[in-house]
Amino acid sequence: MRQLIIIGSGPAGYTAAIYAARGGLNPLLVASSVEAGGELMNTTDVENFPGFPEGIMGPDLMDKMRLQAEKFGTEVVMDDVTSLDLSGDVKRVTLGSGDVHEARAVIYATGSAYRKLGVPGEDRLSGYGISWCATCDGFFFRQKTIAVVGGGDSAMEEATFLTKFADKVYVIHRSEELRASKAMQDRAMGDPKIEFLFNKKVGEVYGAEKVTGVSLIDTVDGSESTLDLDGLFIAIGADPRTHLVHDQLELTSAGTIAVDGRSSRTSVTGVFAAGDVIDPTYRQAVTAAGSGTVAALDAEHYLASLGEASDPIPAATVAA
C-alpha cells in the first residue's frame, strides 16, 4: 500500500509530487493517458512563470516539472482514474487499466477545463491566437485587433484588461443582455477601445497557422458576416474537474472542492485538494503550483500523525 497517491499532472499535481517525493513519501502520480500536463500543454509561450525570463513553451514547462518530480522518486503513471473510493482510512484508486492502488492519503489536483465554443478551427488554433486567459496571453496582442466571447463578469474583466495591449477589443455576445454586474458592464462600455457586438455568435475561426478572423452568425435573423481579428479570447466559463468526487467530497457553490481555510484539507480525512479544482478565481500556473506545495505539506503532516512518514520537513526549510 502506498503512502500517497496524487491525481492530476498540472502545476499543482507535479509540484505536490516534487515536495512529497523530497519528503520521502515516494508518491504515485496518475497523470492521465491523454491529458497529461493539464491546460499548459495547449499553451505556446509562457512568460509569467518565475524563473524563465526568456519564457518557456507550456509543454516544455510541464515536462521539466515531470522530470523534477521523477528525479526525487515520484512514480508517474500515464493512465486515467475511472473511480475513487475515499471512504475509510485506506483510499482506493481504480485506473483504466483495471489496476487498483491503495494509499493512506490522496491529493486531488485534476484542475479545470475551460468551456469551448465547439466550432470549426477552435481546437486547431488553440494557442495560435485563441486563448482562454487574458492574464496569461494578453501581452502577445500589443496593437492588435482581438475579440472576447462572453457576457459575464469574466468576459468584461478580460476585455477591459486586454485594452492595455490591444488597439481594438470586440465583445461578442449571443443576446442583447449581458450577465455581468452593472459595475462591470459600465466599466467595459465606457472604454473607447471596446465595441460590443450583440446578438452574435462565432460560427467558425479562420486562419491557417494563426487566427485571422471569425465568422459571425446573427442569433436573431441567422445572417452571417466576417470579422477580421488577430486573436480570440473565449470567456464563457470553466468547469472544475470534480466528476470523480461528486457525492464524496463537499463542493462549494462555485462547484470547486471545498477546503478548510488556506489549507488543502477537504471534507474527508486524508484527502487533500490543490490547484484550479479548488480555485474559481485566479487559475494561474504559479498559484496552482503554490497550492500543490500546500497539499504536499498537509499530506505529509497527516501521514506523520499516523506514523506513516518521517517528521514533516519544516515549512521554512523544505524549499532549501
Side-chain angles (χ1 to χ4, degrees), residues 4-22 25-81 93 95-96 106-114 116 123-140 234 238-242 244 264 272-279 282-296 299 319:
L4 176 66
I5 295 175
I6 300 168
I7 302 170
S9 56
Y14 278 138
T15 303
I18 291 166
Y19 272 76
R22 287 188 74 243
L25 300 182
N26 300 313
L28 171 71
L29 185 146
V30 184
S32 174
S33 63
V34 294
E35 296 181 328
E39 292 296 326
L40 280 182
M41 297 299 288
N42 299 317
T43 303
T44 50
D45 293 318
V46 178
E47 293 191 330
N48 56 3
F49 198 91
F52 298 94
E54 304 302 323
I56 184 172
M57 299 290 284
D60 291 340
L61 176 60
M62 299 319 301
D63 191 51
K64 288 180 180 294
M65 287 189 177
R66 176 186 58 81
L67 291 172
Q68 191 172 359
E70 291 178 330
K71 171 186 175 181
F72 293 116
T74 301
E75 180 184 349
V76 178
V77 175
M78 298 297 178
D79 204 343
D80 302 299
V81 177
V93 178
L95 305 185
V106 167
I107 293 176
Y108 194 81
T110 52
S112 63
Y114 290 111
K116 295 186 176 182
D123 289 338
R124 179 173 56 83
L125 292 168
S126 174
Y128 297 91
I130 292 182
S131 174
W132 285 263
C133 180
T135 307
C136 308
D137 300 327
F139 179 84
F140 300 112
I234 301 171
D239 298 308
R241 301 176 190 269
T242 58
L244 290 170
S264 66
F272 307 87
D276 286 7
V277 79
I278 68 170
D279 176 15
Y282 300 104
R283 297 198 298 268
Q284 299 294 303
V286 69
T287 54
S291 179
T293 301
V294 171

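For this chain, numbers begin at 1 and follow the sequence in order. Note that these values count all heavy atoms, side chains included, but never hydrogens, waters or copies made by symmetry. Just so you know, these numbers come straight off a predicted model, no measurement behind them.
- At a threshold of 4.5 Å between non-hydrogen side-chain atoms, the residues Phe52 and Met57 do not count as touching.
- The pair Asp276-Arg241 does not meet the salt-bridge criterion, since no charged nitrogen lies less than 4.0 angstrom from a carboxylate oxygen.
- Side-chain contact check for Ile18 versus Lys71: every heavy-atom pair is 4.5 Å or farther apart.
- Residues Arg124 and Tyr128 approach most closely at O-CD1, 4.1 Å, considering heavy atoms.
- Between atom CG of residue Asp60 and atom CE of residue Met65 there is a gap of 12.0 Å, rounded to the nearest 0.5 Å.
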- Item | Glu70 and Val76: CA distance, side-chain angles, deciding distance, side chain to side chain contact (heavy atoms under 4.5 Å, CB included) verdict | CA-CA 7 Å; Glu70 291 178 330; Val76 178; 3.7 Å; yes
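- Smallest separation of non-hydrogen atoms from Gln284 and Cys133: NE2-SG, 3.7 Å.
- Looking at heavy atoms from C-beta onward, Ile107 lies out of side-chain contact with Ile7 at the 4.5 angstrom threshold.
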- Message: Walk me through whether Tyr14 and Leu29 qualify under side chain to side chain contact (heavy atoms under 4.5 Å, CB included).
- Response: CA-CA 8 Å; Tyr14 278 138; Leu29 185 146; 3.8 Å; yes
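- Across all non-hydrogen atoms, the minimal contact from Leu4 to Ala20 is CD2-CB, 3.5 Å.
- Counting only heavy atoms from C-beta outward, the side chains of Thr74 and Gln68 never approach each other to under 4.5 Å.
- Looking at heavy atoms from C-beta onward, Tyr108 lies in side-chain contact with Val277 at the 4.5 angstrom threshold.
- Taking the side chain as every heavy atom from C-beta outward, Val46 and Asn48 approach each other to under 4.5 Å.
- Of all heavy-atom pairs spanning Ala12 and Gly275, the tightest one is CB-CA, 3.6 Å.
- Trp132 is listed as a side-chain neighbour of Ser126, based on a closest heavy-atom distance under 4.5 Å.
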- Message: Using side chain to side chain contact (heavy atoms under 4.5 Å, CB included), reason through Asp80 and Leu95 one step at a time and then give a plain yes or no.
- Response: CA-CA 5 Å; Asp80 302 299; Leu95 305 185; over 6 Å; no
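- When all heavy atoms of Ser9 and Ala31 are compared, the pair lying nearest together is OG-O, 2.9 Å.
- Checked by atom type and distance alone, the side chain of Ser131 never pairs as donor or acceptor with a backbone atom of Gly127 at under 3.5 Å.
- Here the closest non-hydrogen pair linking Ser291 and Ala273 is OG-O, 4.5 Å.
- Using a 4.5 Å heavy-atom cutoff, the side chains of Leu28 and Ile6 are not in contact.
- Going from atom CD1 of Ile56 over to atom CG of Leu61 covers 5.0 Å, rounded to the nearest 0.5 Å.
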